[in-house]
Amino acid sequence: MDKKNVIQSLETIATYMEIAGENPFKISAYRKAAAALEREERTLLEIEKPESLTGIGKGTASVIEQLRDTGKSDVLDELKESIPAGLPPLLQLQSLGGKKVGKLYKELGITDADSLKEACEKQQIRELQGFGVKTEEKILQALNEVGKRPERLPVSDMLSVAEEIEEQLRTFTHILRFERAGSLRRIKETVKDVDYVISTSDAQSVREQLKTLTDIEEIVADGDTKVSFVLLKKHRIGVDFRLVEDEAFATALHHFTGSKDHHLLMRKLAKDQGKKINEYGVEQDAAGSLVQFKDERQFFEHFGLTYIPPEAREGSGEIERSRHGHSYIQLEDIQSDLHMHTVWSDGANSVKEMAEDAKKRGYNYICITDHSKFLQVANGLNEERLARQAEDIKDANEHVSGIRVLKGTEMDIRPDGTLDFHNDVLQTLDFVIASIHSSFSQSKEQIHERLEAAFRNPFVHMIAHQREE
DNA sequence: GCCGTTTTCGGCCCGACTGTTTTCAGTCG
């Protein structure tokens, strides 16, 4: 059983335990174990003793070992026996957590979505301690919406919604700063809802203005510092706004950018340093005074960390790297592009134009790597045209100053495993990329042999875009 | 279940909001 399946199983165990009403901290240990494995770079077989990982103790380690060695888990089997399979999916419903789902099962014998719906319609839910009319209505509404929209939407869809919202925010008064937060700011591939942090000197006024946003279908929450809507766009889209004073903007932005795992580790680090992080600032234990920050960079510096960009805040080792002074590549750090097509094959610009644009971007050198002759559909170059292109590149080097243009190719690895150019041609080039563009339906072994041929060629520097299985 | 300058017990990240209560539990992010 590979690591991914073990992680999945640990999370399933946690979910079942939640419904069974186990100690929340016991449950979180299994979740922490899944997160620890996720962070771990080694494969499961290379981890001889899972117990040695932080956050994993004896109990969870034995579950992991059993999963690894036999692909089964006694714990999971037992839980599955005691809890109907229809219950865990109910956790996805709005306002239904493990404790409530467990209670519905124990008190009313609810086993799946259908029986839950029936109980709602018979108005039985409202009779339970801790439940009421409103909860019953919410559950019914959530049940009716299942499958109508995907749980998460592609980030590209959300970006256009965000732009519409921001256009309106810019016209509002009393907003000092606003910024996207949540998974949208972390540029996750899929995003559940859109989050904003707004700093203001007049929260009441901003709160009222927010209610004038277009396409509001429902006001989900309307508190002093938090306003949530459902907007009716192509789908129903949740939008959260958090209102803070400007002094708290940086910490609030960090807080609402997440992710959850990143926060758990940040707060642990803070605690180790005798501090406490909340969305308004950092509390120093001794005096209880609140430290606030100009921006997130300063916030990270406060903990002895280098800046961690939103995209890296996943609790997957970034804090540890940052403690050791790791800094992230910025756009201006990029020196070169070694994979470029021009009008010689299927590109849109000439060699000279590519050089000029790269120079504008601050690159020091580039490499022209047009397709080779096998790829007819892309107007691939044969030996004769490759030689003529070399003249073109020489010309670009003479006429565009301050940047060096290298000669390269993106050469096909042909279906029979031979390469599209002979070595005597390849050795005249500065950089050789080898790619498979054809016969993807071959067996794994055949594809492997083709790749190996390229790997073994002393003139090949890089393999490009192999198709993923 | 995990962990330890709080070390074999007692705490575990933190706060807002809602809906249920009548001071708080559950959910959410």
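For the C1' atoms, the distance from B:dT27 to B:dT20 is 13 Å, rounded to whole Å. The P atoms of B:dG15 and B:dT22 are separated by 26 Å, rounded to the nearest whole Å. Separation of the C1' atoms belonging to B:dC17 and B:dT23 is 16 Å when rounded to the nearest angstrom. Taking the P atom of each, B:dG10 and B:dA16 are spaced 30 Å apart, rounded to whole Å. Taking atom C1' on both nucleotides, B:dC14 is separated from B:dT8 by 28 Å, rounded to a whole Å.
Nearest-nucleotide assignment on DNA chain B puts the 5′-proximal partner with A:Asn278, out of A:Asn278 and A:Gly130. Positionally, the nearest nucleotide of DNA chain B for A:Leu264 lies more toward the 5' end than for the other of A:Thr135 and A:Leu264.
The backbone N or O of A:Val244 sits nowhere less than 3.5 Å from a side-chain atom of A:Ser199 that would complete a donor-acceptor pair. The main-chain N or O of A:Val75 is found under 3.5 Å from a side-chain atom of A:Ser73 such that the two form a donor-acceptor pair. No donor-acceptor distance shorter than 3.5 angstrom exists from the side chain of A:Thr60 to the backbone of A:Ile56, with no hydrogens or angles considered.
For A:Arg323, the CZ atom is loosely surrounded, since the number of other residues' heavy atoms within 6.0 Å does not exceed 12. Other residues, nucleotides and ligands contribute more than 12 heavy atoms inside 6.0 Å of the CD atom of A:Glu356. Applying the 6.0 Å contact sphere to CZ of A:Arg126 captures more than 12 heavy atoms from other residues, nucleotides or ligands. For NZ of A:Lys211, the number of neighbouring non-hydrogen atoms (other residues, nucleotides, ligands) closer than 6.0 Å is greater than 12.
Cation-pi check for A:Arg297 over A:Tyr307 is met; the charged atom lies under 6.0 angstrom from the ring centroid and within 45 degrees of its normal. Under the 6.0 Å distance and 45° angle rule, A:Lys100 counts as a cation-pi partner of A:Phe131.
Among the nucleotides B:dG15, B:dC2, B:dT18, the one closest to the side chain of A:Ala221 is B:dT18. Here the side chain of A:Lys134 is nearest to one of B:dG1, B:dA16, B:dG19, namely B:dG19. Nearest to the side chain of A:Phe25, among B:dC17, B:dT18, B:dG1, sits B:dG1.
Residue A:Lys138 contributes atom NZ, which lies 14 Å from atom P of B:dC17 at whole-angstrom precision. When rounded to the nearest whole Å, the span between CD1 of A:Ile277 and C1' of B:dG15 equals 14 Å. Atom CD in A:Gln129 sits about 17 Å away from atom P in B:dG19, given to the nearest Å. Straight-line distance from the NZ atom of A:Lys32 to the P atom of B:dC3: 7 Å, rounded to whole Å. As a whole-Å value, the separation of A:Phe131 CZ from B:dT21 P is 11 Å. Atoms CZ (A:Arg242) and C1' (B:dC14) sit 11 Å apart, rounded to a whole Å. Nucleotide B:dC2 holds its C1' atom 16 Å from the CZ atom of A:Arg31, rounded to whole Å. Atom CG of A:Leu269 is separated from atom P of B:dC3 by 17 Å (rounded to the nearest Å).
Taking every heavy atom of residues 110-117 of chain A and every atom of DNA chain B, no pair lies under 4.0 Å. Looking at residues 304-319 of chain A, you'll see that no heavy atom sits under 4.0 Å from any atom of DNA chain B.
Among pairs with a residue in residues 325-335 of chain A, those fulfilling side chain to side chain donor-acceptor pair (under 3.5 Å) read A:Gln335-A:Asn364, at least two apart in sequence or across chains.
Note on A:Arg242 versus A:Glu179: no salt bridge recorded, every NZ/NE/NH1/NH2 to OD/OE distance being 4.0 Å or above. The pair A:Glu166-A:Arg180 meets the salt-bridge criterion, with a side-chain N (NZ, NE, NH1 or NH2) lying under 4.0 Å from an Asp/Glu carboxylate O. Salt bridge A:Glu318/A:Arg313: absent, no basic N to carboxylate O contact under 4.0 Å. A salt bridge is absent between A:Glu51 and A:Lys49; no separation between the charged side-chain nitrogens and carboxylate oxygens falls under 4.0 Å.
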Can you check nucleotides 9-11 of chain B for protein contacts, nitrogen or oxygen pairs under 3.5 Å, and list what you find?
none

N/O-N/O pairs, protein side and nucleotides 26-29 of chain B side, under 3.5 Å:
unit_1, atom_1, unit_2, atom_2, d
B:dT27, OP1, A:Gly97, N, 2.8
B:dT27, OP1, A:Gly97, O, 3.3
B:dT27, OP1, A:Lys100, N, 3.2
B:dC28, OP1, A:Ser95, N, 2.7

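Dashed line: the shortest gap from a side-chain N or O of A:Ser28 to OP1 or OP2 of B:dG1 is not under 4.0 Å. In this model, the phosphate group of B:dC17 is approached by a side-chain N or O of A:Thr225 to a distance below 4.0 Å at OP1 or OP2.
Nucleic acid contact for A:Asp224: sugar-phosphate only, since backbone atoms but no base atoms lie under 4.0 Å from a heavy atom of the residue. Using a 4.0 Å heavy-atom criterion, one finds that A:Ile27 contacts no nucleic acid atom at all.
Every ring-ring contact (aromatic ring centres under 6.0 Å, His included) that A:His461 has, sequence neighbours left out, goes to A:Phe431.
In terms of heavy atoms, A:Glu48 sits closest to A:Arg68 at O-NH1, 3.6 Å.
Here B:dT8 sits opposite no nucleotide as a Watson-Crick or G-U wobble pair (both hydrogen-bonding atom distances under 3.5 Å).
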